[in-house]
Amino acid sequence: MTKPEGKYIYCIIKENAGKRLGSIGIDNREVSFLYYKDISAVVSSTPIINFGRLDKKELIKPITAHQKVNEEM
C-alpha cells in the first residue's frame, strides 16, 4: 500500500511565468509552481509527514532541501 502524498510549500513568490528548478525538493522531488494571477506557490509532492515529531537528525534533509529551493528563488 502506498503512503498518502501531499504538497510541501517552500515559499510564495511574485511570479506568473514558467520556471523549472528540477528535482531539488525534499527527497529529490521535482519542484513546481502553482500559479494564481501574479503570484506562485513553490511546491513539491511529498509523503505526508508530521515534521513536529521528527528528531533533529531527521530534520536535516528537509531543512537543507527547503533552504536550497529558497536560495534558487
Side-chain angles (χ1 to χ4, degrees):
M1 183 174 184
T2 59
K3 292 183 180 180
E5 296 227 332
K7 292 289 185 191
Y8 182 86
I9 302 172
Y10 297 93
C11 60
I12 306 292
I13 60 172
K14 185 172 182 168
E15 179 78 40
N16 61 3
K19 251 186 185 178
R20 301 201 78 165
L21 294 180
S23 298
I24 64 170
I26 295 172
D27 291 336
N28 296 317
R29 301 287 184 107
E30 181 79 24
V31 175
S32 60
F33 298 83
L34 298 176
Y35 301 103
Y36 179 75
K37 296 187 180 183
D38 63 343
I39 62 171
S40 299
V42 182
V43 303
S44 67
S45 294
T46 184
I48 296 175
I49 300 168
N50 183 343
F51 288 101
R53 292 189 176 186
L54 297 178
D55 65 27
K56 289 181 182 181
K57 288 182 182 179
E58 294 172 311
L59 283 171
I60 291 172
K61 283 186 178 181
I63 289 171
T64 302
H66 182 98
Q67 183 176 352
K68 184 175 183 179
V69 170
N70 282 299
E71 287 173 355
E72 293 292 322
M73 303 318 306

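All values below were derived from every heavy atom in this structure, side-chain atoms included, with hydrogens, water molecules and symmetry-related copies excluded.
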Mind checking side chain to side chain donor-acceptor pair (under 3.5 Å) for T64 and listing every partner two or more places apart, or none if nothing turns up? none

For a quick test of your reading: what N or O donor-acceptor pairs under 3.5 Å do the side chains of residues 66-73 make, sequence neighbours left out?
unit_1	atom_1	unit_2	atom_2	d
H66	ND1	Y8	OH	2.8
H66	NE2	N70	ND2	2.9
Q67	NE2	E71	OE2	3.1
N70	ND2	H66	O	3.0

Working to the nearest 0.5 Å, report the span between CG of L54 and CG of L59. 5.0 Å

For the OG1 atom of T46 and the CD1 atom of I9, what is their distance to the nearest 0.5 Å? 12.0 Å

Please lay out, stage by stage, how K7 and S45 fare under the test side chain to side chain donor-acceptor pair (under 3.5 Å). CA-CA 5 Å; K7 292 289 185 191; S45 294; 3.1 Å; yes

Side chains of V43 and F33 in contact at under 4.5 Å (non-hydrogen atoms): no

Provide the closest heavy-atom pair for A65 versus Y10 in the form atom of the first, atom of the second, distance. O-CE2, 4.3 Å

Identify, with sequence neighbours excluded, every residue that meets salt bridge (charged side-chain N to carboxylate O under 4.0 Å, His left out) alongside E58. none

Considering residues at least two apart in sequence or located in another chain, which fulfil the side chain to side chain contact (heavy atoms under 4.5 Å, CB included) criterion with K61? none

I'd like to check the side chain to side chain donor-acceptor pair (under 3.5 Å) partners of S32; sequence neighbours left out, ordered by chain and number. none

Residue pairs meeting salt bridge (charged side-chain N to carboxylate O under 4.0 Å, His left out), one or both in residues 24-35, sequence neighbours left out, come to E5-R29, R20-E30

Search all heavy atoms of S44 against all heavy atoms of G25 and return the closest pair with its distance. OG-CA, 4.5 Å

